[in-house]
Protein chains: 2
Amino acid sequence: MPLFQVSTRIQYGLRALAYLAGKDGPASATEIAGAEGIPGKYLEGILGQLTASGLLRSERGKNGGYRLSLPAAEVTVLSIVEALEGEIRPTECAAGPGACDHDLACLPRRFWLGLKTAVDEYLRSRTLLDVIDPAS
Amino acid sequence: MPLFQVSTRIQYGLRALAYLAGKDGPASATEIAGAEGIPGKYLEGILGQLTASGLLRSERGKNGGYRLSLPAAEVTVLSIVEALEGEIRPTECAAGPGACDHDLACLPRRFWLGLKTAVDEYLRSRTLLDVIDPAS
DNA sequence: TATAATCCTAGTATTCAGATAGGAATACTG
DNA sequence: CAGTATTCCTATCTGAATACTAGGATTATA
Ligand code: FES
Ligand code: FES
């Protein structure tokens, strides 16, 4: 029903990162899942993706876990979203001309690109620190 | 893959309205579908929804069809989107407290509400005329 | 009466988000 | 070395939603 529904991947991922931002040492997937009420195995995959994209560092073995590789203030939400879902794009043809059978000047496309820009800017202007800071 | 993918309902609906905005008399679903390359019967349903919400006026019978009930400059894209998909809401809990098991002060929620606001404002600030006007 | 249109209801097909399952590789600990 | 806790990898399932199709009833025009 809603125009844009943020996937649970992103919601879970953001909450997990927020949890990690409020912690010193590493936290395991199980720990975060328990604290946030997220299915453990599912979260594992999400954290793996965030690790692969460089936002997290992982340590295997006992006492291992995940930790942020950057200070929370340097992690934009846009980078989180892109790590988990790839590029933001409201329509197929927003990717570029040719995806659609319309011509270069297609007017609706320009409109949708404007929406993408607006969303991108919001996400780029907010960091993980903003998300966890009540006074922002 | 993308964070927000605009549904074909909305894309088709917007293109149909743009087509109608560039025309004087009424246009039938078949005519619009042919011109825009949209499945006819599918478009019929979309146009029906736009009619029910008051954005279009329909005339039945031969030589009937659909026409805008307002000048293009007075139709915000937000009203189009809401007519076709209901309220815009990035997460369940953005609807209000209680939808989620978190407390009132849940920080991610405030972040997502901010995103909703940014999108709403973009959509409310653009009219159908902006969409079809190259110089906007 | 023939035709062209909206309107109404139901059904299908495919895709995808959201999760689950099982185990292999790795690292610490006693 | 044995045990345990962790990440990592791959495969599979499922429910819901999107996108579309089908058929016809109703209404107006010519
Ligand atoms: S180019 Fe895709 S709708 Fe026009
Ligand atoms: S209230 Fe829904 S995530 Fe916090």
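As a basis for the values below, the full set of heavy atoms in this structure was taken, side chains included, without hydrogen atoms, waters or symmetry mates.
The interatomic distance linking B:Ile38 (CD1) with D:dT21 (P) rounds to 13 Å, in whole Å. The distance between atom CG of A:Leu47 and atom C1' of D:dC9, rounded to the nearest whole Å, is 15 Å. Between the C1' atom of C:dG18 and the OH atom of A:Tyr12 lies a distance of 8 Å, rounded to the nearest Å. Across the protein-nucleic acid pair, A:Leu43 atom CG and C:dA17 atom P stand 18 Å apart, rounded to whole Å. The nearest whole Å value for the distance from the OH atom in B:Tyr42 to the P atom in C:dT12 is 18 Å. Atom CG in A:Leu50 sits roughly 11 Å away from atom P in D:dC8 (whole-Å rounding). A straight line from CD of A:Gln49 to P of C:dG18 spans 12 Å, rounded to a whole angstrom. Rounded to an integer number of Å, the gap from B:Ile46 CD1 to C:dT6 C1' is 15 Å.
Among D:dA19, D:dC9, D:dT6, the nucleotide with an atom closest to any side-chain atom of A:Glu44 is D:dC9.
The closest donor-acceptor contact from the side chain of A:Glu36 to the backbone of A:Ala16 lies at 3.5 Å or more, if one exists at all. For the pair A:Asp130 (side chain) and A:Thr127 (backbone), a donor-acceptor distance under 3.5 Å is present.
The two residues A:Leu84 and A:Arg9 come nearest to each other via the heavy atoms CD1-O, 3.6 Å.
Going from atom CZ of B:Arg15 over to atom OG1 of B:Thr8 covers 10.0 Å, rounded to the nearest 0.5 Å. Rounded to the nearest 0.5 Å, atoms OG (A:Ser79) and CG (A:Leu50) are 9.0 Å apart. Rounded to the nearest 0.5 angstrom, B:Leu20 CG and B:Leu128 CG are separated by 9.0 Å.
Only B:Ser58, B:Glu59, B:Arg60, B:Gly61, B:Lys62, B:Gly65, B:Tyr66, listed by number, bring a heavy atom of residues 56-67 of chain B to less than 4.0 angstrom from any atom of DNA chain C.
In summary, A:Arg126 and A:Glu121 do not engage in a salt bridge, as defined by a charged side-chain N under 4.0 Å from a carboxylate O.
Residue A:Thr8 places at least one side-chain N or O closer than 4.0 Å to OP1 or OP2 of C:dA19.
In the helix from C:dT1-D:dA30 to C:dG30-D:dC1, the rotation axis of the first five pairs and that of the last five pairs differ in direction by 10°, rounded to 10 degrees.
The aromatic ring centroids of A:Tyr122 and B:Tyr122 lie 6.0 Å or more from each other.
No donor-acceptor contact under 3.5 angstrom links the side chains of A:Glu59 and A:Tyr66, judged on distance only.
With the nearest nucleotide of DNA chain C identified for both B:Lys41 and A:Pro39, B:Lys41 has the one nearer the 5' end.
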